Amino acid sequence: MERRTPTGQLDFPCLRHRIPGTSGATEPPIDFQLRLACLLLLARLPNEALGEAAESLRTMWEYYRDPAVAVPSLPAPPPQAAALGREYVRPTFSLCED
């Protein structure tokens, strides 16, 4: 996570990210950049906002941690023969406005 350095500044290990097999001059992957941006934004939040941020991150983590479980479909109902009923004439509807 973060720790105090001798100069009093915060040191984030993710700032020392290097892509294997490169000199470190290439751009880090987008997922790393987004995690870094989130980490830096969290570090700048006031103490009063940390509880809300933690709750928000927890609910997002719970949503994304496991893939959605597929609910099995209900079995098809057995076929039934349709029976026609008697026909009738609909009564007239009249509306009286005052």
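Since the structure is predicted, the reported quantities are computational estimates derived from the model, not experimental observations. The residues of the chain are indexed from 1 along the displayed sequence.
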- Task: Look at the side-chain heavy atoms of Ile, Leu, Val, Met, Phe, Trp and Tyr, link any pair under 4.5 Å apart, and say whether L45 and L39 land in one connected group.
- Result: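 Different clusters.
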- According to a 4.5 Å side-chain heavy-atom criterion applied to Ile, Leu, Val, Met, Phe, Trp and Tyr, with indirect links allowed, do L50 and M60 form part of one hydrophobic cluster?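 In one cluster: yes.
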- Where is the tightest heavy-atom contact between T59 and S56, given as atom of each residue plus distance?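 That closest heavy-atom pairing would be OG1-O, 2.8 Å.
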- Inspect the surroundings of CD in E52 and state if more than 12 heavy atoms from other residues, nucleotides or ligands are less than 6.0 Å away.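 No, not enclosed.
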- Message: Is it true that, when you exclude R44 itself, more than 12 heavy atoms of the residues, nucleotides or ligands shown sit nearer than 6.0 Å to its CZ?
- Response: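 No, the 6.0 Å shell around CZ holds no more than 12 heavy atoms from other groups.
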What side-chain donor-acceptor pairs closer than 3.5 Å can you find for residues 77-97, not counting sequence neighbours?
none

- Task: For E62, check salt bridge (Lys or Arg N to Asp or Glu O under 4.0 Å) against everything at least two apart and list the hits.
- Result: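 With sequence neighbours excluded, E62 shows a salt bridge (Lys or Arg N to Asp or Glu O under 4.0 Å) to R58, given in chain and number order.
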- Task: Please identify each residue that fulfils side-chain hydrogen bond (donor to acceptor under 3.5 Å, both in side chains) with E48, with sequence neighbours left out.
- Result: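 E48 satisfies side-chain hydrogen bond (donor to acceptor under 3.5 Å, both in side chains) with no other residue.
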